[in-house]
Amino acid sequence: MAAPSDFIRDIVAGHLAEKKYPQIHTRFPPEPNGYLHIGHAKSICLNFGIAREFGGICNLRMDDTNPTKEEVEYVDSIIADVKWLIGGWADQQLGFKSGGKSLEPFYASDYFDQIYEYAVALINKGKAYICDLTPEQTDEYRGAPDHPGKDSPFRNRRISENLDLFARMKAGEFPHGARTLRAKIDMSSPNVWLRDPILYRIRHAEHHHTGNKWCIYPMYDFAHCISDYIEGITHSICTLEFEVHRPLYDWILGNLELPRPLPHQYEFARLSLGYTVMSKRKLLQLVTEKIVTGWDDPRMPTISGLRRRGVTPEALRHFAYNIGITKYNGLTDVAVLEHAIREDLNKRALRRLAVLRPIKVVITNFPEGKIEELEAVNNPEDPNAGKRKIPFTRELYIEQDDFMEVPPPKYFRLRPGGEVRLKYAYIIKCDEVVKNASGEITELRCTADLDSKTGGATSARKVKGTIHWVSATQAVDAEVRLYDRLFTVEDPDAKGEFKEFLNKNSLEVVKAKCEPSLKDAAPETRYQFERIGYFTLDKETTPEKTVINRTISLKDAWAKEVKKV
RNA sequence: UGUCCGAUGGUGUAACGGUAGCACAAGGCCCUUUGGAGGCUUUUGUCAUGGUUCGAAUCCAUGUCGGACAGCCA
C-alpha cells in the first residue's frame, strides 16, 4: 500500500523538512464518555499513521475534564479498541508515560495541578478573572454570532481578588456553578469563542481518575492546548468543528508566554457513513433504549461492534486509507467500507460449507449409511491454508434458494429434471419433488452421476450451476445471526428524527446446518461460508450452542440480475 | 444582517500554474466445481461569471450553494 498523502501529511512533511520540530508528536484524545466508533478509527489511523510515516510518536490521551459524563468503563473500552486497531501496526509509535510499559493512556486529568498553575499565571498577567454571573446571565452577556456581547461587571476585578476567589473556588467554598474563571479577551469579537471564554467551572463531582481531589474542572479549550503543550505535541489534529476554537488555542498558549515551539491545531472532516449514525449521543441512545443489545452490538458502527461482527483491524485501516483526509464534509458510501471488509476477508477466510435455510435432498442411488470423505480446499486464495475432508451421505441439505420449481430465465441452480454440481462432490439431477399436504416442498429426490466427482470419468462435464450442501446426518447446528444495515435511509441524520428510519429487519436469526469441521470453530477465526458470506464465532457461543455472526455477505450478482427484471 | 471553512464523475479522493488520474459504485465481456475471487473494458467530473497568464481545477475578484460556531459539553 502506497503511503497516504493529504494536506495534513503535507504540512507535517514540510515542518520536518524545515526542521521546525525535532520529532513529530501527535495524539489521539478521546473523551471517555462513550465507546469509540469508526469515525474515531479514522482519527486513530491518521494520528498513529503520521507518527508511523514520519518517525514520530502518538499519545493516547483521555480528554477527561468533565467528571459528570465520564466513566472508567469507557476508559477501558477505549484502551481495548485502540490496542486492537493499532496492534501489529503502530505499536512502536505509541507514546508512553515515563516509566510506563503497557498501554497505559495519558490523562488530561493528570495535569490538573499544572493546568491550575497556568490559570493562576493567567490571572497574574491580568488575562483572566473570576466571574460571578449566573449561567443565564453569561449566555445573555455573550451576545450572538451576529451581534457583540457586553463586558461582565466582574471583568475588572483586582488581581489579588481574583487570586483569592480562585483559591477559594478550588477549596470548595462555593456551590456548583456559582463562579467561573474566564479569560479576558474581547466580548465584541466576531468569533464567539473569544468572548471571554470560561476556563474553569465549579463541579462538586467525583472524577473517575482523580476522585474527590478537585471541585473545579478546566474546560476543554483550556485543558486541551495545555495538555498538548505538556506532552510536547507538535501537531494537534482534530475535527472541523474545532476550527473556530483554534484562535483560542493559540491565544491561551501565546498569552501564557511558554517556551517554543508550541503545538498547533489542524482540522479535518469527520467521517459520515451511509446508513448509520455516528454521534456518541445517538449511539448511546440506541444502547440505553435497547434498540441494540449494547455498544458492541454487531450492527453498531463502534469499533467493538465491528470487531465482534468479524471485521479485522486491517480492513478498517484500509478503509481509513481509502477515504482520505480532507476538509470537505461528505457522506462516505458504505460500499467503500464493505469493499474493504470483503477484500480483506477474501484473502484470509477459511472456506466452509453451511446451509442457512435447509431443504432436504435424498440421493437415491447413493447407499444408505455410507459416509464418503471428500476433499475440499480451505482457501483458494491461499494455498498454505491446506485442505480438509467433508462427509458426503445419502441425505443432504441444500439451500432453499438453490431450488426452484419454476425458475426464471438464467437461473443456474437446481430445478425439476435439471442438473447441478454439488461443490467438491457429484453432479446431481432432480427426479422428484416431494410435498406435504399443504403443498410445501419437504424433500427433493435426486440421482447422482457417481463418476462426476473430482478425478472421476465425467468430472469434466459442464453444468451451469454449482451449489453448496452439507450432509444431513453429519451436520452440526448453529444459530446464525444475519445483520443488515441499522437504518433504511442513507442519511438518517438529515431528515429529522433518526429513529424513524431504523431498519426493523437489521437482525435475522436462522438455524443453520454446518459442515462438521465447524464444531471446532475458533473465536477470532474468519470463515467464508461458500456462496453466502463471511462469518465468525460470536462471544455468546457456549459448549451447548454455537452462535455465529455474519460479518458481511458475498457480492451477489444473481440478486442484481433478479432486480433487473 | 457576523466570523471561519469548504465545493473535482453517482460517492470518496488525486493532480501543489503544464496530458483531469485513482478507488468504490454502475454497465459490458472473459474466466470460474463459490452467480465469490480474478482479468479486460465502457459511461459519467473541475459550482458560476469575470480576471491574471503562452497556459488555470490550481492564483485573484465577485456571486451561488453547503458546513461549523451563540454549553459552566468535548
Side-chain angles (χ1 to χ4, degrees), chain A residues 5-7 10 29-31 33 63-66 68-70 131 133-135 138-139 142-149 176-182 189-195 197-203 217 219-221 223-224 238-247 267 269 274 280-281 321-340 342-343 346-347 351 353 376-377 380-381 410-413 421-425 427 452-454 459-468 490 528-533 553-561:
Chain A
S5 164
D6 53 64
F7 76 98
D10 289 349
E31 183 191 13
N33 67 342
D63 212 347
D64 55 351
T65 56
N66 184 356
T68 61
K69 288 190 175 176
E70 297 152 8
C131 182
L133 254 25
T134 65
T138 306
D139 277 353
R142 184 162 35 233
D146 57 351
H147 67 270
H176 174 104
R179 293 183 219 263
T180 56
L181 176 72
R182 294 231 251 163
S189 170
N191 183 336
V192 178
W193 291 100
L194 259 22
R195 320 242 266 227
I198 290 168
L199 267 20
Y200 262 93
R201 75 290 214 188
I202 299 171
R203 286 277 173 282
Y217 292 93
M219 296 287 290
Y220 162 84
D221 287 296
H224 201 88
C238 60
T239 45
L240 250 25
E241 66 269 27
F242 292 100
E243 219 161 9
V244 275
H245 294 236
R246 192 185 340 131
E267 310 88 13
K280 276 197 235 175
R281 199 200 95 232
Y321 172 83
N322 286 334
I323 57 177
I325 299 292
T326 63
K327 299 186 77 155
Y328 176 74
N329 264 309
L331 178 63
T332 297
D333 193 334
V334 69
V336 179
L337 204 217
E338 294 174 340
H339 174 262
R342 288 195 182 101
E343 186 183 47
N346 176 50
K347 277 182 243 143
R351 311 295 132 124
L353 299 186
V377 173
E381 305 288 324
K410 295 188 186 171
Y411 184 82
F412 302 157
R413 289 110 96 155
R421 158 77 68 182
L422 295 179
K423 178 92 179 180
Y424 300 124
I427 294 168
S452 63
K453 70 172 181 183
T454 307
S459 68
R461 267 180 64 202
K462 293 286 176 200
V463 277
K464 194 67 179 163
T466 299
I467 64 173
H468 59 279
E490 191 173 25
Q528 183 198 97
F529 291 173
E530 296 215 30
R531 302 209 309 131
I532 303 174
S553 66
L554 247 30
K555 277 213 277 188
D556 189 349
W558 172 240
K560 215 183 271 181
E561 188 68 35

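Labels below follow one simple rule: chain letters A, B, ... track the order of the sequence lines, proteins then strands, and each chain is numbered from 1. All values below were derived from every heavy atom in this structure, side-chain atoms included, with hydrogens, water molecules and symmetry-related copies excluded.
You won't find any donor-acceptor pair under 3.5 Å spanning the side chain of A:Arg531 and the base of B:rU34, going by distance alone. You won't find any donor-acceptor pair under 3.5 Å spanning the side chain of A:His147 and the base of B:rA70, going by distance alone. A donor-acceptor contact under 3.5 Å is formed by the side chain of A:Glu381 with the base of B:rG36.
Closest approach to the A:Ala557 side chain among B:rC73, B:rG12, B:rG36 is made by B:rG36 (side chain taken as heavy atoms from C-beta onward). Here the nucleotide nearest the side chain of A:Lys423, chosen from B:rU34, B:rG36, B:rC73, is B:rU34. Comparing B:rG36, B:rC73, B:rC5 by their closest approach to the side chain of A:Glu31 singles out B:rC73. Residue A:Tyr328 places its side chain closer to B:rG12 than to any other of B:rA26, B:rG12, B:rG35. Of the candidate nucleotides B:rU33, B:rA14, B:rG71, B:rU33 has the atom nearest to the side chain of A:Thr466.
Judged by distance alone, with hydrogens and angles left aside, the side-chain atoms of A:Arg421 form a donor-acceptor pair with the main-chain N or O of A:Ser452 at under 3.5 Å. A distance-only check finds a donor-acceptor pair linking the side chain of A:Arg195 to the backbone of A:Arg142 [under 3.5 Å].
A:Asn322 has its CG atom 18 Å from the P atom of B:rU11, to the nearest Å. The CD1-P distance, from A:Ile323 to B:rG12, rounds to 11 Å in whole Å. Between A:Glu70 atom CD and B:rC73 atom P the separation is 11 Å, expressed in whole Å. In this structure, CZ of A:Arg195 is placed 14 Å from P of B:rC4, rounded to the nearest angstrom. Atom CG in A:Leu133 sits roughly 15 Å away from atom C1' in B:rA70 (whole-Å rounding).
Contact check on A:Lys69 versus A:Glu31 returns no salt bridge, with no Lys/Arg side-chain nitrogen under 4.0 Å from an Asp/Glu carboxylate oxygen.
Between B:rG50 and B:rU13, the distance separating the two P atoms is 29 Å to the nearest Å. Nucleotides B:rU8 and B:rC4 have their P atoms positioned 22 Å apart, rounded to a whole Å. For the P atoms, the distance from B:rA20 to B:rA25 is 27 Å, rounded to whole Å. Comparing the P positions of B:rG67 and B:rA15 gives an interatomic distance of 26 Å, to the nearest angstrom. Distance noted for atom C1' between B:rG27 and B:rG9: 15 Å (whole Å). Between B:rC24 and B:rU42, the distance separating the two P atoms is 16 Å to the nearest Å. For B:rC59 and B:rG18, the P atoms lie 11 Å apart once the distance is rounded to whole Å. One P atom belongs to B:rU62, the other to B:rG6, and the distance between them is 15 Å to the nearest Å.
Across all strands shown, B:rU44 forms no Watson-Crick or G-U wobble pair with both key distances under 3.5 Å. Base pairing annotation: B:rG38 forms a Watson-Crick or G-U wobble pair with B:rC30, both donor-acceptor distances under 3.5 Å. Under the Watson-Crick or G-U wobble criterion, with both distances below 3.5 Å, B:rC65 is paired with B:rG6. B:rA23 and B:rU11 make up a base pair, with Watson-Crick or G-U wobble contacts both under 3.5 Å.
Listed pair A:Arg142 / B:rC72 meets the phosphate criterion, a side-chain N or O lying under 4.0 Å from OP1 or OP2. Between A:Lys555 and B:rA37, a side-chain N or O to OP1/OP2 separation shorter than 4.0 Å is present. An OP1 or OP2 oxygen of B:rC73 is reached within less than 4.0 angstrom by a side-chain nitrogen or oxygen of A:Arg203.
Each of A:Arg413 and A:Gly324 lies near RNA chain B, and the nucleotide nearest A:Gly324 is the one positioned closer to the 5' end.
In this pair, A:Tyr220 and A:His245 present their aromatic rings perpendicular. The plane angle is above 60°, beyond the 30 to 60° band.
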